[in-house]
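Single-structure report; data block below.
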There are 2 protein chains.
Amino acid sequence: MAADEECIRARLEAHGVAPTAQRLKIAALVLEPAQHVTAEQVLARLSARGERVSKATVYNTLNLFAARGLLRELCVDPARAWFDSNTAPHFHMQHVDTGELVDVASDAVAVTGPSQLPEGTEAAGIEIVIRVRRKAP
Amino acid sequence: MAADEECIRARLEAHGVAPTAQRLKIAALVLEPAQHVTAEQVLARLSARGERVSKATVYNTLNLFAARGLLRELCVDPARAWFDSNTAPHFHMQHVDTGELVDVASDAVAVTGPSQLPEGTEAAGIEIVIRVRRKAP
DNA sequence: ATATGTGCAAATCCTTTGCATAGAA
DNA sequence: TTCTATGCAAAGGATTTGCACATAT
């Protein structure tokens with residue numbers, strides 16, 4: 001546990017994030033294993049563990065982690081923000097019936113982007129969401 | 001104008017949408033030419049034209065159109081819902097600095113999906129957002 | 001008549017913000 | 001001290017909802 005905490009602390013510092021008590025609690029919960037979380041889930045899991053972190057700090061922290069590259073904010077749900085602790089290149093598959101979200105390895109999908117981007121721009125990322133539904137009987 | 005309205009009315013009916021006065025106004029504004037709109041934009045353009053449609057009806061109508069396949073709801077902006085009146089297969093490119101959203105023809109991007117979808121599911125769609133930023137100088 | 005659609009305002013949900021307090025350097 | 005982070009409650013913005021009224025079949 002101490003080793004884990006040291007490791008997490010190091011990751012925060014490597015990303016320029018001061019390792020406060022609250023941030024360490026959230027990081028321990030969210031950064032591993034790789035997973036998809038919402039702010040509300042983080043809040044609920046913290047209080048389930050008896051760790052008291054304010055809602056404002058949860059939002060601040062998730063946004064900070066995303067800005068510093070510890071998390072990736074996903075655009076898959078119009079109703080709320082999802083954060084992905086797998087920051088390696090990959091895509092997502094979502095069940096439209098359940099909202100369930102699973103990773104798709106980037107090498108499972110071959111993408112050949114447009115041959116040219118607009119003048120004066122460079123690629124900043126690509127997001128792919130494959131939506132599936134229960135197969136009609 | 002009468003021809004247009006007849007055409008739009010026919011499209012609504014073909015999608016199982018009863019062509020009420022408000023829905024025709026919104027459809028005339030939104031369905032062509034192909035474009036990306038938010039509820040707020042529709043509301044603003046309606047009042048700019050002196051057409052009075054309530055906010056609730058605008059939201060109801062856009063959601064109804066999306067449910068019936070007259071519009072596609074996009075997942076590109078965590079802050080508000082965008083609707084795309086181009087329902088043909090295509091993808092999007094978004095400038096992260098400005099939020100500007102442009103279409104990418106589906107044949108400009110080659111995608112080879114995962115060879116197998118999960119048991120009992122079928123494809124419901126795929127959304128691709130290529131994000132670009134101003135090139136570093 | 002009976003179904004459905006509309007409008008208004010209030011309610012709801014997610015997220016951010018203002019500000020006073022707590023904590024670390 | 002001085003700077004930053006935290007917590008709380010309130011504010012904010014987008015969207016939905018409840019319900020009375022209007023409309024169309």
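Convention: sequence-line order gives letters A, B, ...; per-chain numbering from 1.
In this structure, A:Asn63 does not reach the C:dT15 phosphate: none of its side-chain N or O atoms is under 4.0 Å from OP1 or OP2. OP1 or OP2 of C:dG5 has not a single side-chain nitrogen or oxygen of B:Thr57 nearer than 4.0 Å. Note on A:Tyr59: a side-chain N or O is less than 4.0 Å away from OP1 or OP2 of C:dT15. The phosphate of C:dT6 has OP1 or OP2 within less than 4.0 Å of a side-chain N or O from B:Thr20. Taking 4.0 angstrom as the limit, B:Arg23 places a side-chain polar atom (N or O) nearer than this to OP1 or OP2 of C:dT6. Within the structure, a side-chain polar atom (N or O) of B:Gln22 is placed less than 4.0 Å from OP1 or OP2 of C:dG7.
Put simply, NZ on B:Lys55 is 12 Å from P on D:dT16, counting in whole angstrom units. B:Arg68 places its CZ atom 13 Å from the C1' atom of C:dG5, with the value rounded to the nearest Å. At whole-Å resolution of the value, CG in B:Asn60 and P in D:dT15 are 13 Å apart. Taking atom CG of residue B:Asp77 and atom P of nucleotide D:dA14, one finds them 10 Å apart after rounding to whole Å. Here C:dG5 presents its P atom at 23 Å from CZ of B:Arg52, a figure rounded to the nearest Å. Note: CD (A:Glu13) to C1' (C:dA24) measures 13 Å, nearest angstrom. Spacing between atom CG of A:Leu12 and atom P of D:dA5 amounts to 12 Å, rounded to whole angstrom units. Between A:Leu62 atom CG and D:dA5 atom C1' there is a gap of 15 Å when expressed in whole angstrom units.
Nucleotides of DNA chain D nearest to A:Leu64 and B:Ala39 differ in position, and the one nearer the 5' end is that of A:Leu64.
For the residue pair A:His92 / A:Arg131, no side-chain donor-acceptor distance below 3.5 Å is found, with atom types taken as modelled. Side-chain contact annotation: A:His36 with A:Asn86, donor-acceptor N/O pair under 3.5 Å absent.
Looking at A:Thr61 and A:Val53, their side chains never come closer than 4.5 Å, going by heavy atoms from C-beta outward. In this structure, B:Asp103 and B:Asp84 have side chains that are in contact, with non-hydrogen atoms separated by less than 4.5 Å.
The pairing partner recorded for C:dT12 is D:dA14, the criterion being a Watson-Crick or G-U wobble arrangement whose two distances lie under 3.5 angstrom. Base pairing of C:dA3 is not made with any nucleotide, judged by Watson-Crick or G-U wobble geometry with both donor-acceptor distances under 3.5 Å.
With respect to A:Glu13 and A:Arg9, no salt bridge is recorded, no charged nitrogen being found less than 4.0 Å from a carboxylate O.
Counting non-hydrogen atoms under 4.0 angstrom, A:Ala79 reaches the backbone sugars and phosphates but no base. As judged by a 4.0 angstrom heavy-atom cut-off over every strand, A:Ala81 is placed among residues touching the sugar-phosphate backbone only.
The side chain of A:Ala56 lies closest to D:dC8, out of C:dC8, C:dC13, D:dC8.
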